[in-house]
Each structure stands twice: as structure tokens, then as C-alpha cells.
Chemist: 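Below is one structure. I have some questions about it.
Predicted model only: the values in this text are computed from it and were never measured. Values reported hereafter were calculated over all heavy atoms of this structure, with side chains retained and with hydrogens, waters and symmetry mates removed.
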Protein chains: 2
Amino acid sequence: MDPLVRIVLADDHPLSLAGLEEALNARGGVKVVGRATNGIDALSMIKRLSPDCAVLDLSMPGATGLEVILEARRWSVPSRFVVVTGTGTPQVLQELKNAEVSGVFLKSTPVDEICAGILKVAAGGTAVSPAVRKILEAVEQANNLTTRELQVLQAIARGLTNRAASQALGISIKTIDTHRTNLMRKLGVRSTASLLVRAMRDGLIDVSDI
Amino acid sequence: MDPLVRIVLADDHPLSLAGLEEALNARGGVKVVGRATNGIDALSMIKRLSPDCAVLDLSMPGATGLEVILEARRWSVPSRFVVVTGTGTPQVLQELKNAEVSGVFLKSTPVDEICAGILKVAAGGTAVSPAVRKILEAVEQANNLTTRELQVLQAIARGLTNRAASQALGISIKTIDTHRTNLMRKLGVRSTASLLVRAMRDGLIDVSDI
DNA sequence: AGTAAATTGGGGTAATCACCTGAGTGCTGA
DNA sequence: TCAGCACTCAGGTGATTACCCCAATTTACT
């Protein structure tokens, strides 16, 4: 048998912490050598223990999981990292991707899948849940949209007609028309209806203020 | 001081169970007299202990929280009930509302809020989290839409034009037009764009298969 | 049987959309 | 300096939508 994989868990929600540890123990092959409920403790613990893998919640008091990772890397800690995040907003996931975090999971992911991912990352691999991967692909596509195009998309989502959108953005109706045409071409749809469905599904537009 | 409020907790996820109990203990005034990780145990426990309040997860092996409640009521158990559900689909919430469950919360709700709700329900009140209430209002509105109108809404969401939708549903374009107009009037919007945004935001249409 | 609601569909009009070609400006990196 | 891109706008055409009118038929329920 391999020696046990040493793991540090950090999550400000005690219940998630306990649940994950229990699942990992049930699976075997790992040893949870440290637990933290805030970013600061997590960071010092990771520095001190140099675990094979640190599993971090993203929203923690003191420092987010991402901040912990970046800081730990500045100290050349050899650990690998898995981030578990509750809110899978495109922006957050993009940041994690840029930071080249080895493993990313949503909290809604089945615990078994997360456990498997942690082991994989600890073994030197990468593990990104399908849900996260899907969102990232959407982000990829959103990044191909220009600022102005996103603004036009937002305006349309608010129910503005081309005319109203042109007034809102202070440009000609024809310009709005051009942008919308380009949006539909870029997203591969042929109607405003599909455009909005795609945009909302992929989180390209902000629905909260509508 | 009042005597301690006697509570039974049931959740197949041990971590949620522990987290909630911890939070309740921290708040004080309550005593968790029973824990169950499946519907069957929960039911027998409630019958045996007649707690002031039973807090039930909706998705449990054996029997769902709702089934437990309905069965417990058949036995005239005097307990009051709080349901905590992970998936807040409109259908599920509507069923809970119909069953007149005293308290309904999403798992994403802050623990403090859930605790406060449990105490309120145990005291004879009702507690429905704002998020749930909002979804229910949307359901209310969706129920005012006829079957055909919902079908037309789905068709539009799939990006079908009036013509394509008419062919898909085997009716005249003019009928689609009528339905669409009625939809917009009922939902208080004046454009297809707004119609879709409203529909998606409120879960009136199924986005998964688009 | 009778009333209400749902579903169907026709006519018509003004507005808007979808899509095209073309073009001027300004910024940026090679 | 020059190509490339983003942004801007125009003209034009056919399709479609938004919205109003009205009415026949079916379904549901009292």
C-alpha cells in the first residue's frame, strides 16, 4: 500500500468540513492532518504541514481559498490544491482557472466525485467537475464578445427594443442592429429568443437586476 | 425560562445534520431529542417522541420529508414541521405549500435564518424563507398560464419563430400569435425578450433541454 | 342546459427584426 | 507604417412581430 495521502481541509461551514472528512475516511487511503475554518488558519496550517493536498472552500473569513493558494505559492509550499466553491459564478471560476488550481468543484457536486477528484489531484493530476468545465467554456465564449456587445446584450435582456437600447447607450439604432447581428453570429443562433436563452443559460448576462 | 423546545432532526446528509444541531445548540432554548438519516427512522422517531418541531430534509432514503409529514399527520402526531430542501424546484415547493408545511427553507439559506425559523415554527408560527416565497409567487403566476400557453412559451424559448412553433404544435401562426400576446399581457411585459427573461428567471420554462 | 374558460384562427397595420453590403474613425501591436 | 480589430453608422428588403379587432369551437363545471 501507498503511504496515506496527507490532506488539509478548510471550510468555514463546519458541516461541510465534517461531511467531506467523513467521506474521505470512508474511502480510505487518506489522512486528514489538519482542519481550518478560516483562511488565515488554513494558510498557516498549510505552510506548517505541507500536506499533499489542501482542499479549500472559496468563501472563508480572513482569506478566500484562492488567496490562500496564491499566498502559499509565494512561500513555495509544494502542496497541490483543490477548491470547492458554492457559488459557481463565471468570474470566480475564471480566476481559479487562471490561477491553475488543480481541482475545482461545486458544492453541489456529489461527494464521491469530489473525493475521487481530491485523490486524483493529490496524485499529481487535475480534476475539474463537468459542471465547472461547462461554465468555463461559456466564459471562453463570453470573452470573445466585446464590451459593447455585452452592453447591447444586457440592454436586450432588459426588454429594450433596438430603439430603446440605442437611446440608452447613446448610439444609433443601426449600431445596435449591427452589434445584435454580430452577437447572434458569434453565439450561433438566429433569433433574439435563442440569443437570450443562450446568454442567460451561460451566465453571460446579469439577471439579478432585471 | 421556557422549557426547552424539543426537536427531531432528519437529514440523510450527516454534515447538514451536525451543522444544524450545532447551530441550534449555540442559539439555545432547544433540545435535539432525536436524529434520523432516513425517512423511516424519522417517522417512527416522530411518532414515538412527539417533538415540538421536526426538521426534515426533503430528499431522504426511505421516505421524503413530505411523505414523513403526511404520514405523521395521519397518525395525528401533534408536532409541527419544518422542511429544508436542497433543490427548490417550483413543483416541490408547491407541494409543500399545498401540504401547509409550517416552515420551508432552502439549504442555501443562512443557518441562522433557518434556526430562527425553526424556533418560530416550534412556537406555533410559520416561517418561509424569502427565496422560497419568491419562487412560490412565480409558480402562482405560472399556474395562471394555460397548458397551451406554456407550450408556446417553451417553443419560443427554443428559438422557434411563430411559424416554426405553429408547425411544431400543429396549429396556425395566428394562434401562436394570440397565445404569445396573451402570455405577454399576463406576465406584464411588452417584448419577447422580456418574456423569456421573466420565464427563465421564474423557472416557468425548462432550460435543461435547450 | 347554460356559463365561463380555453383553444382556435382570421383580418389588418405599424413597427420592428434579420440580414446584407459598404464605409469612416480610432486604437493597438507587429 | 500598416494590418487588424472594435466601434460607429447608413441604405435597403423581406420576414416577422406586436397589437388591435372579432368569432367559432371545444371543454369544463355548475
Chemist: Among the candidates D:dC7, C:dT7, D:dC9, find the nucleotide nearest to the side-chain atoms of A:S172.
Modeler: D:dC9

Chemist: Show your working on side chain to side chain contact (heavy atoms under 4.5 Å, CB included) between B:R198 and B:L183 and close with a plain yes or no.
Modeler: CA-CA 11 Å; B:R198 279 290 305 267; B:L183 280 166; over 6 Å; no

Chemist: Measuring from B:W75:CH2 to B:S44:OG, what's the distance to the nearest 0.5 Å?
Modeler: 11.0 Å

Chemist: If I take atom CD1 from residue B:I176 and atom OG from residue B:S172, how far apart are they, to the nearest 0.5 angstrom?
Modeler: 8.0 Å

Chemist: What's the separation between atom CG in A:L153 and atom CE in A:M200, rounded to the nearest 0.5 Å?
Modeler: 10.5 Å

Chemist: Between B:R185 (CZ) and D:dC19 (C1'), how many Å, whole number?
Modeler: 12 Å

Chemist: At their closest point, which heavy atom of A:L58 faces which heavy atom of A:L66, and how far apart are they?
Modeler: CD1-N, 3.7 Å

Chemist: Does B:T146 put a side-chain nitrogen or oxygen below 4.0 Å from OP1 or OP2 of C:dT7?
Modeler: yes

Chemist: Within this structure, what is the CD1-to-P distance between B:I156 and C:dC17, rounded to whole angstrom?
Modeler: 15 Å

Chemist: Does a nitrogen or oxygen in the side chain of B:T192 sit under 4.0 Å from OP1 or OP2 of D:dA18?
Modeler: yes

Chemist: What nucleotide, of C:dC19, C:dT8, D:dC19, holds the atom closest to the side chain of B:I171?
Modeler: C:dT8

Chemist: It should be established whether A:R190 places a side-chain nitrogen or oxygen under 4.0 Å from OP1 or OP2 of nucleotide C:dC19.
Modeler: yes

Chemist: Tell me the interatomic distance from B:L187, atom CG, to D:dA18, atom C1', rounded to whole angstroms.
Modeler: 16 Å

Chemist: Tell me: CG of A:N182 to P of D:dA6, nearest whole Å?
Modeler: 9 Å

Chemist: Quick one: pull up CG in A:L187 and CD in A:E149 and give me the separation to the nearest 0.5 Å.
Modeler: 9.0 Å

Chemist: Go through residues 159-169 of chain B and report each residue with a non-hydrogen atom lying under 4.0 Å from DNA chain D, sorted by number.
Modeler: B:T161, B:N162, B:R163

Chemist: Find the distance A:L150:CG to D:dA6:C1' and express it as a whole number of Å.
Modeler: 13 Å

Chemist: Which residues, if any, of residues 173-180 of chain B bring a heavy atom under 4.0 Å of DNA chain D?
Modeler: B:K174, B:D177, B:R180

Chemist: How long is the span from the NE2 atom in A:H179 to the CG atom in A:L150, to the nearest 0.5 Å?
Modeler: 11.0 Å

Chemist: When rounded to the nearest 0.5 angstrom, what is the spacing between CE in B:M184 and OG1 in B:T192?
Modeler: 5.5 Å

Chemist: For residues B:R73 and B:I69, determine if any side-chain heavy atom of one lies less than 4.5 Å from a side-chain heavy atom of the other.
Modeler: yes

